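As the structure is a computational prediction, the values presented were derived from the model and not from experiment.
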Amino acid sequence: MIQPLNNYVLVKLLELESKSSIAGFEIIEKEKKKTFFGEVIAFGDGEATAKYNLKKGDTIIFQKYGGEDYEIDGIKHKILGTLNILAKYV
């Protein structure tokens, strides 16, 4: 397992496939080709992660080009700084 440090978050990418919504978010047709959604897997102990009240399993929207891409056990992940997170589904 990877444990992010400080204000970083490990996110499992959620693929949209042919769906028009994910976790209650409606997806604009032209944006379906891009991956903006992820599930929080782990996060660091920085002030920003506490401020955003992130929990394991939260669905978030993030900036497409933010963070670093990783493949863990054949599954696509990103490690993002909290500044790359735009919203979370509540």
With Lys78 as partner, the option from Asn84, Val9, Leu13 fulfilling side chain to side chain contact (heavy atoms under 4.5 Å, CB included) is Leu13
Return the minimal non-hydrogen interatomic distance between Lys56 and Phe43, and the atom names on each side.
N-CE2, 3.8 Å
How many angstroms lie between CG in Leu83 and CZ in Phe62, if you round to the nearest 0.5 Å?
15.0 Å
Sub-4.5 Å side-chain heavy-atom contact between Ile60 and Phe37:
no
Charged N to carboxylate O below 4.0 Å: is that the case for Lys12 and Glu39?
yes
Among Leu10, Val11, Ile79, which residue satisfies the side chain to side chain contact (heavy atoms under 4.5 Å, CB included) criterion with Tyr70?
Ile79
Atom CD of Gln3: over 12 foreign heavy atoms under 6.0 Å
yes
Sub-3.5 Å donor-acceptor pair from the side chain of Thr49 to the main-chain atoms of Gly44, do we have one?
yes
CG on Asn53 to CG on Asp58, rounded to 0.5 Å:
7.5 Å
Quick one: CG on Leu80 to CG on Leu86, what's the gap to the nearest 0.5 Å?
9.5 Å
Value rounded to 0.5 Å, distance of OH in Tyr52 from OG1 in Thr82:
5.0 Å
Spatial distance of atom NE2 (His77) from atom CD1 (Ile41) [nearest 0.5 Å]
5.0 Å
